[in-house]
Amino acid sequence: MTSTASSTDTRQALAPYDQQPSWQQRLRRFGHAAGPASDVRDRLVPPFTRPGPRLWAALGIPRTLADRIVRWSGWGGPLLVTLLAGVLRFWNLGSPKAVIFDETYYAKDAWAIVHRGFEVSWDKNVNNLILKTGGDVPVPSHASYVVHPPIGKYVIGLGELVFGFNPFGWRFMTALLGTLSVLMLCRIGRRLFRSTFLGCLAGALMAVDGLHFVMSRTALLDGVLTFFVLAAFGCLLIDRDRARAKLAAALPAGADGRVRPDAHTAETTRLGPRPWRWAAGLMLGLAFATKWNGLYIMAAFCVMTVLWDVGSRRVAGARHPYLAVLKQDLGLAFLATVPVALTVYLVSWIGWILSPADGTGGYFRDWATKAGRGGNWTFLPDWLRSMWHYEHQVYTFHVGLSSPHPYQSNPWSWLVNGRPVSYFYESPSPGNDGCPADTADKCAREVLALGTPLLWWAACAALVYVLWRWFFRRDWRAGAIACGVAAGYLPWFLYQQRTIFFFYAIVFLPFLCLAVAMLIGAIIGPPGSTETRRVTGAAGAGVLVLLIAWNFIYFWPLYTGIPIPIDDWRARMWLDTWV
């Protein structure tokens, strides 16, 4: 038995003879022999791959201990990768001790929203006072106009409530969610590929990605959005496995004990309430209530999970799988996602809704009782009319935002790291602020939202491979990865005239890491490959992973704001557009 732990190829044996195409049946007279019949249960719920005995023999590990390692590796491996990610993200989290980039909005909005229930207008010079006093500043009462929903700010504010109104406090929750995202990606990759190795590899790649690292250490909303999107994908993946397991259990077994497709069972079996799908609806609602582009992701994931249901019933034997899904699954699928997500979004505004409507509450909270009095919709509650007006104003702002910014970028350049965003930059002189005293020239101290270049460039090749697997091999795993990338990436091409930034790409980064892991699995080789092929593939894959890790280490000073001589900083500016 050869090792299959690192392969993404889970092709099953050929279908039973009576399920094969007619041309195969006609070839029987010429000596064609049907492949071994497969149990449809293995096609609905493929088993997880296990390392072959040669690996344990080479390592000198007894079989009983090897079985125990395999049993515990499903959680042990992801937890070790998560520990590494957590140490990296929480190390010196309060540095730089400054309000960097858009923390000037979200850190203060978060502090206000957990104290007043709505965002307020701060004095333009308050940042220095916050840093000087450790956050001991009064919270203003005058409402501020903001253009993002509240959930992400509530999340950031939770860290501030626990650790204070300071850089560590407002970065704590994004660091925690960034670390937990690595754990989720390990487990998602394991379930997707049926391989603990490839799942941990996907998580490890994200752990050493510069963009994810920087976003995990900065109080911005996009890292929070990424966590909820990834959680929703994971919930849908678990729901898919459990739904297919229920279908497999419902199929009748033949006299030989083997389960075969059955049209009646596949088309009439009800799969119950499916709680993981409801959990996905909750996560999608939290994503939408963090940033509005969560809506595009919700739409894409809803289509994806319905197509998963179609595929499940087709494998189970349904002659009309789309009709079966329409009758048995679609209604509950809609209720579990769209209404749940919209309800979560509405509830997320509860602080604003409960604020006074006399002009002392949230921004536009009094619109329905003042400027919006009268009209055809007065039968609706005043808070709902005011909120609708507020949302319309925010939509107008988003689609019309075109103010130039030195770090804005077109989405065409994102996959190649064309224009990263500088969150923080200082030029300390020798002997000051960590700049070595023997430095010939000044130093550079920067926090640059730059994806680990070799990882992102490898992801470009991995996306081509994923699309090939999807189109020509009908690999549902490749389709799921492509869906995640498309949902987070393609909508931005509709707003190319808008002021947008590279760090928005963080939301589809986990799916790029899954794509690279899938490509590495293919490089290592499918089951049944010769030992030479597997060793060569493993060596090539290992070199690629080590180069990505080295690349992260090389750019470490630019991710953490560590002062380095200006010549060393220039050496890391590989592209002119990074300056």
Side-chain angles (χ1 to χ4, degrees), residues 113 117-119 146-155 221-222 224-236 238-239 273-309 325-326 329-355 357 361-365 367-368 372 376-399 483-484 486-488 490-491 494-495 507:
I113 207 169
F118 56 89
E119 299 87 346
V146 295
V147 295
H148 292 298
I151 284 296
K153 287 164 278 190
Y154 275 116
V155 170
L221 302 181
D222 300 82
V224 181
L225 171 66
T226 302
F227 174 83
F228 290 132
V229 168
L230 190 58
F233 183 82
C235 289
L236 292 175
I238 296 173
D239 171 74
R274 302 176 69 166
W276 284 102
R277 182 170 272 176
W278 291 84
L282 172 64
M283 293 298 108
L284 290 170
L286 292 171
F288 173 34
T290 299
K291 292 191 78 171
W292 274 9
N293 51 318
L295 268 178
Y296 289 108
I297 295 164
M298 180 174 70
F301 281 8
C302 286
V303 172
M304 178 184 68
T305 190
V306 169
L307 292 178
W308 284 354
D309 285 345
V325 168
L326 179 62
D329 303 317
L330 195 58
L332 278 177
F334 175 82
L335 291 176
T337 49
V338 178
V340 170
L342 294 179
T343 300
V344 170
Y345 181 82
L346 189 63
V347 171
S348 73
W349 285 88
I350 193 67
W352 181 91
I353 292 171
L354 296 179
S355 68
Y363 200 86
F364 275 139
R365 179 62 183 84
W367 178 85
N376 298 324
W377 301 94
T378 53
F379 63 90
L380 294 174
D382 286 347
W383 66 265
L384 184 58
R385 294 174 56 227
S386 296
M387 185 176 176
W388 181 262
H389 176 72
Y390 195 174
E391 302 289 81
H392 180 266
Q393 294 299 309
V394 169
Y395 172 78
T396 302
F397 168 84
H398 280 306
V399 298
C483 178
L490 295 184
L494 301 175
Y495 306 101
V507 73

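Note that these values count all heavy atoms, side chains included, but never hydrogens, waters or copies made by symmetry. Counting begins at 1 with the first residue of the sequence.
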> Between G285 and V344, which heavy-atom pair has the shortest distance, and what is it?
Replying inline: C-CG1, 3.6 Å
> Given the rule in the side-chain contact (heavy atoms from CB on, under 4.5 Å) test, do Y390 and V146 qualify, once you have shown the distances and angles that lead to the verdict?
Replying inline: CA-CA 10 Å; Y390 195 174; V146 295; 3.4 Å; yes
> NZ of K291 to NE2 of H398: how many Å apart, nearest 0.5 Å?
Replying inline: 8.0 Å
> Between L221 and K153, is a side-chain contact (heavy atoms from CB on, under 4.5 Å) present by the stated rule, with each step listed?
Replying inline: CA-CA 7 Å; L221 302 181; K153 287 164 278 190; 4.1 Å; yes
>> For a quick test of reading the model, state the closest non-hydrogen atom pair linking A279 to C235 and the distance between them.
In response: CB-SG, 3.9 Å
> Do you know which two heavy atoms are closest between P150 and S348, and how far apart they sit?
Replying inline: CG-O, 3.3 Å
>> Run the ring-ring contact (aromatic ring centres under 6.0 Å, His included) test against W377 and tell me which residues pass, sequence neighbours left out.
In response: F379
>> Between W278 and P273 (side chain of the first, backbone of the second, donor and acceptor by atom type, cut-off under 3.5 Å), is there such a pair?
In response: yes
>> Students often mix this up, so state it plainly: with edges at 30° and 60°, are the rings of W352 and W349 parallel, tilted or perpendicular?
In response: perpendicular
> Got a second to check how far F288's CZ is from L346's CG, nearest 0.5 Å?
Replying inline: 10.0 Å
>> Restricting to non-hydrogen atoms, name the atom on P339 and the atom on L335 that form the minimum distance, rounded to 0.1 Å.
In response: CD-O, 3.5 Å
>> Using 0.5 Å steps for rounding, measure from the CG atom of D309 to the CG atom of L330.
In response: 9.0 Å
>> With a 6.0 Å cut-off (strictly less than), is the heavy-atom count around CH2 of W292, excluding the residue itself, greater than 12?
In response: yes
>> So, applying ring pair (Phe, Tyr, Trp, His ring centres under 6.0 Å) with H389, which one of Y363, F364, W383, Y395 is it?
In response: F364
> What do you reckon, is CH2 of W367 surrounded by more than 12 foreign heavy atoms closer than 6.0 Å?
Replying inline: yes
> What are the two closest heavy atoms between V224 and G152, and how far apart are they?
Replying inline: CG1-CA, 4.1 Å
> Rounded to the nearest 0.5 Å, how far does CG of L230 lie from CE of M283?
Replying inline: 11.5 Å
Show the atom names and distances, to 0.1 Å, of all donor-acceptor pairs under 3.5 Å that link a side chain in residues 296-308 to residues at least two apart or in another chain.
from: Y296; atom 1: OH; to: Y495; atom 2: OH; distance (Å): 2.6
from: T305; atom 1: OG1; to: R277; atom 2: NH2; distance (Å): 2.9

> Stepwise, does the side-chain contact (heavy atoms from CB on, under 4.5 Å) test hold for V155 with F227?
Replying inline: CA-CA 11 Å; V155 170; F227 174 83; over 6 Å; no
> CH2 of W388 to CG of L380: how many Å apart, nearest 0.5 Å?
Replying inline: 10.5 Å
> Hey, is the main chain of L225 close enough, under 3.5 Å, to the side chain of T290 for a donor-acceptor pair?
Replying inline: no
> Roughly how far apart are I238 CD1 and R274 CZ, rounded to 0.5 Å?
Replying inline: 13.0 Å
